[in-house]
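Everything on this sheet refers to the single structure shown next.
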Amino acid sequence: KTVTLSKSFSPQMFLINSTGTVYKTNFFGCTNLEKMIIPEENPFFVTDEFGAIYDKQKTIVYFFPPAADATNYTVPATVKEIAHYAFAFYPGDSIVLPEGLEIIGNYAFYFNKFETIHIPASVISIGSGVFTTEGSLTNADGDYYRDLYTSKLQTVTFAENSKLESLGGYAFYFATKLKSINLPDSVKSIGNAAFWHCESLTEFIVPAGVKEIVEGASNLSTFGYLVKANKIVFQEGLETIGASSFYYLGRDVDQDMTIVLPASLKSIGNYAFDYAYNVKEITFAPNGVLESIGNYAFRANKAESIILP
């Protein structure tokens, strides 16, 4: 439950590296760990009253004990980066992120339990799998972690004048209770499977800064299984919809969705809206510059007619 580290404990001993990139700490998955203690003499790390581990200047938070006595936690104002997996299995119901934070690392809130989160305007990058709660971690009896940490996240808000540019793949993977999120128009890229199985979303607006919706991979589309969605807004400026990016968009045949594609769109990839069963109406904005539509791009939907530009 408590780990006391030596005064010589170094980043090389604490962090797991893969091809030069830090992914996890050596304490990842220690869900009963309540506190980390580091001597003041340690030249690399400091801890706070909850046992969270920071670099000496408190600009990077590396680890928060999964069993710490915390229902709410405020990340210090000095923090610029939340490291990969830093708040994995975070025990609290809420967390406050500071203005000045710039980077949220991959899987930073893996298996989170909070219902809402506010992203400061200073955040530039949100990594892969940040809010996902779907995984393969189990105990001897089966799906222990998956059942215990089923996502409760319902609302994500962004501060005005957000600087966010990128949202990593799998960012909200299996956030099945997510009802509301409006990405800022500063966003330029959305990774594959970012909203896979966000089954409670009823509407999604693709940010104006996005020029390309990336190709889906391994039978996972960026916007698959949005089963309650009735509206997706594509803004002017979007040029490419990648292959399989909306594959299995919706499976509820009783739900009707209208899609209006912008005049700026040039290319729709293979299988882009394949098996989008709930799509009833597909409209292209006037004066469009569409050049190509891939194979099976609109297979298996309820649309009665499509008028091409």
Side-chain angles (χ1 to χ4, degrees), residues 158 162-169 171-172 180-199 201-309:
F158 296 85
S162 174
K163 298 178 182 177
L164 184 66
E165 295 182 357
S166 63
L167 181 69
F172 295 95
S180 176
I181 181 170
N182 290 313
L183 295 178
D185 284 337
S186 57
V187 172
K188 299 177 181 177
S189 65
I190 300 174
N192 179 49
F195 294 95
W196 178 260
H197 267 282
C198 287
E199 299 170 8
L201 274 180
T202 57
E203 177 179 311
F204 187 85
I205 301 174
V206 178
V210 174
K211 303 295 183 185
E212 177 182 5
I213 297 175
V214 297
E215 178 177 340
S218 301
N219 293 322
L220 296 175
S221 64
T222 305
F223 297 95
Y225 286 95
L226 305 191
V227 295
K228 291 186 178 179
N230 54 38
K231 185 178 183 181
I232 292 182
V233 178
F234 298 89
Q235 302 191 65
E236 286 298 330
L238 179 66
E239 297 179 353
T240 303
I241 295 178
S244 302
S245 52
F246 291 88
Y247 176 75
Y248 275 121
L249 174 61
R251 297 298 305 274
D252 186 354
V253 295
D254 294 326
Q255 182 76 33
D256 293 339
M257 178 184 287
T258 297
I259 291 177
V260 179
L261 298 171
S264 57
L265 187 63
K266 295 180 180 179
S267 174
I268 300 174
N270 296 336
Y271 307 99
F273 293 92
D274 193 18
Y275 291 111
Y277 291 119
N278 55 350
V279 174
K280 187 174 183 179
E281 184 176 347
I282 301 169
T283 304
F284 289 83
N287 303 314
V289 294
L290 185 67
E291 297 173 355
S292 64
I293 299 177
N295 296 331
Y296 304 106
F298 295 102
R299 180 175 62 172
N301 59 62
K302 295 190 294 183
E304 297 177 356
S305 65
I306 301 176
I307 301 175
L308 299 177

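On a predicted model such as this, the values are computed, not experimentally measured, just so you know.
Summarising the geometry, atom OG1 belonging to Thr222 is positioned 11.0 Å from atom CG belonging to Leu249; distances are rounded to the nearest 0.5 Å. Atom CZ of residue Phe223 and atom CD1 of residue Ile213 lie 5.5 Å apart, to the nearest 0.5 angstrom. The CD atom of Glu215 lies 11.5 Å from the OG atom of Ser221; values are rounded to the nearest 0.5 Å. In this structure, the separation between NZ on Lys188 and CG on Leu164 is 11.0 Å, given to the nearest 0.5 Å.
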Going through the distances and angles, do Tyr248 and Tyr277 end up as a side-chain contact (heavy atoms from CB on, under 4.5 Å)?
-> CA-CA 7 Å; Tyr248 275 121; Tyr277 291 119; 4.2 Å; yes
Report the C-alpha distance between Val227 and Asn278 in whole Å, list the side-chain angles of each, state the deciding distance to 0.1 Å, and finish with yes or no for side-chain contact (heavy atoms from CB on, under 4.5 Å).
-> CA-CA 8 Å; Val227 295; Asn278 55 350; over 6 Å; no
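Proximity of Leu183 to Val210: side-chain heavy atoms (C-beta onward) are nowhere separated by under 4.5 Å. Within the 4.5 Å cutoff, no side-chain heavy atoms of Leu261 are placed close to those of Pro309. Contact of the Ser186 side chain with the Lys163 side chain is not registered, since no non-hydrogen atoms from C-beta on lie closer than 4.5 Å.
Proximity of a side-chain donor or acceptor of Glu165 to a complementary backbone N or O of Ser189 within less than 3.5 Å is not detected.
Each of Tyr247, Phe172, Tyr225 was checked for a ring pair (Phe, Tyr, Trp, His ring centres under 6.0 Å) with Trp196, and the lone residue meeting it is Tyr225.
Aromatic pair Phe246/Phe234: centroids less than 6.0 angstrom apart.
Residues passing the side-chain contact (heavy atoms from CB on, under 4.5 Å) test with Ala229, sequence neighbours excluded: Leu226, Met257. By the side-chain contact (heavy atoms from CB on, under 4.5 Å) test, Asn182 is found to be paired with Ile205, residues two or more places apart in sequence or in another chain being considered. A search for side-chain hydrogen bond (donor to acceptor under 3.5 Å, both in side chains) contacts involving Thr202 returns nothing, not counting sequence neighbours. For Glu212, there are no side-chain hydrogen bond (donor to acceptor under 3.5 Å, both in side chains) partners two or more places apart in sequence or in a different chain.
Summarising the geometry of Asp185 relative to Ala208, their closest heavy-atom pair is OD1-N, 3.0 Å, with the distance given to 0.1 Å. Nearest heavy-atom pair across Glu236 and Ser264 is OE1-N, 3.2 Å.
More than 12 heavy atoms of other residues, nucleotides or ligands lie within 6.0 Å of NZ in Lys211, so this atom counts as buried by the packing criterion.
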Under 3.5 Å, which donor-acceptor pairs link side chains of residues 283-301 to any protein atom two or more places apart or in another chain?
from, atom 1, to, atom 2, distance (Å)
Ser292, OG, Ser267, OG, 3.4
Arg299, NE, Asp274, OD1, 2.9
Arg299, NH2, Asp274, OD2, 2.8
Asn301, OD1, Ala303, N, 2.8
Asn301, ND2, Phe298, O, 2.5

Ignoring hydrogens and angles, write down the donor-acceptor pairs under 3.5 Å from the side chains of residues 238-245, residues two or more places apart or on other chains.
from, atom 1, to, atom 2, distance (Å)
Ser245, OG, Gly242, O, 2.8

